[in-house]
Amino acid sequence: MYGHGVQPPARTSGTAIFLRVLFAAIGPLTCGLLAGLPLFRVAMLRGRRRDWLLAWLSLPVTIAGFATVGMLPDNDHRGDVAMAVLLLLAAFSTAYFLVFDVRHHRAAPPFAPLPPQTAAAAPQAPVHPRPPQQGYGYPAPAPQPYAATQSPPTPYPPVPQPLQPPRPPQPQQPGPARIDQVRAELDELSDYLRKHEDGR
């Protein structure tokens, strides 16, 4: 949906909090049925092999747990153990997701502002900032050594416009001839209605 050069739209803090609460609560609220969703979310965002392995392993554990609970009678202790495993899986996936999500959002931004430097303390070699991270796991485009270099446009501060008090709209005053015409028509209509009312 978003190509290499286009960044996805930024999320607001309200959206991030909503998603965090949703993914954290979905495992325990469904008694472990959807406990794999937070693990899949972590695996998609981080992309590590261990995260994918945990996410995929949560599926057969969930299926086996619910199959065991559904097949055994209520007084069998194995059903209780299976339900406990499901609830522990839900708690683990929620905790794992929250730890990852908090660490992910506490990471420093890719372009942190540098402190001001004096001429004596300035480094001799040019400092190159990290290339921006691309969204959704796309690799950052490699710099082209022979490409023409362009400096980014310098943003100009907005010029403040002098504030003028808004003028109230001047009401249009209908001409006296028009008002007289409307009054005459209304009087004529009233007379007409009275005549028809009396004729009944």
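A donor-acceptor pair under 3.5 Å is absent between the side-chain atoms of S93 and the main chain of P38, judged by distance alone. A donor-acceptor pair under 3.5 Å links the side-chain atoms of S58 to the main chain of A55, judged by distance alone.
For CG of D191, the number of neighbouring non-hydrogen atoms (other residues, nucleotides, ligands) closer than 6.0 Å is greater than 12. Other residues, nucleotides and ligands place no more than 12 heavy atoms under 6.0 Å from the CD atom of E188.
Note on I63: it does not cluster hydrophobically with L89, by side-chain heavy-atom contacts below 4.5 Å among ILVMFWY residues. No single ILVMFWY cluster, assembled from side-chain heavy atoms under 4.5 Å apart, contains both M44 and L54. Residues F100 and L19 fall within the same hydrophobic cluster, defined by Ile, Leu, Val, Met, Phe, Trp and Tyr side chains chained together at heavy-atom separations under 4.5 Å. Cluster membership for L57 and L88, using ILVMFWY side-chain heavy atoms within less than 4.5 angstrom, is not shared. Residues L87 and V61 fall into different hydrophobic clusters, defined by Ile, Leu, Val, Met, Phe, Trp and Tyr side chains chained together at heavy-atom separations under 4.5 Å.
Residues P28 and A90 come closest through the heavy atom pair N-CB, 3.8 Å. Nearest heavy atom pair, residue R20 against residue L98, reads CG-CD2, 3.8 Å. The two atoms that bring W52 and G47 nearest to each other are NE1-CA, 3.9 Å, heavy atoms only. Annotation for T68 and R78: closest pair CG2-O, 4.1 Å, computed over non-hydrogen atoms. Between L39 and F92 the shortest heavy-atom distance is CD2-CE2, 4.4 Å. Of all heavy-atom pairs spanning V69 and M83, the tightest one is CG2-N, 3.8 Å.
Put simply, the side chain of L59 reaches to within 4.5 Å of the side chain of F40, judged on heavy atoms. Annotation: side chain of D51 is in contact with side chain of Y96 (closest heavy-atom distance under 4.5 Å). In this structure the side chain of T62 reaches within 4.5 angstrom of the side chain of F66, judged on heavy atoms. Under the 4.5 Å side-chain criterion, counting only non-hydrogen atoms from C-beta, L86 is not in contact with C31. Contact of the F23 side chain with the D101 side chain is not registered, since no non-hydrogen atoms from C-beta on lie closer than 4.5 Å.
A side chain to side chain contact (heavy atoms under 4.5 Å, CB included) with V182 is found for one member of I179, L186, D180 and no other, namely L186.
Here the straight-line distance linking atom CG of L22 with atom CZ of R41 works out to 9.5 Å at 0.5 Å rounding.
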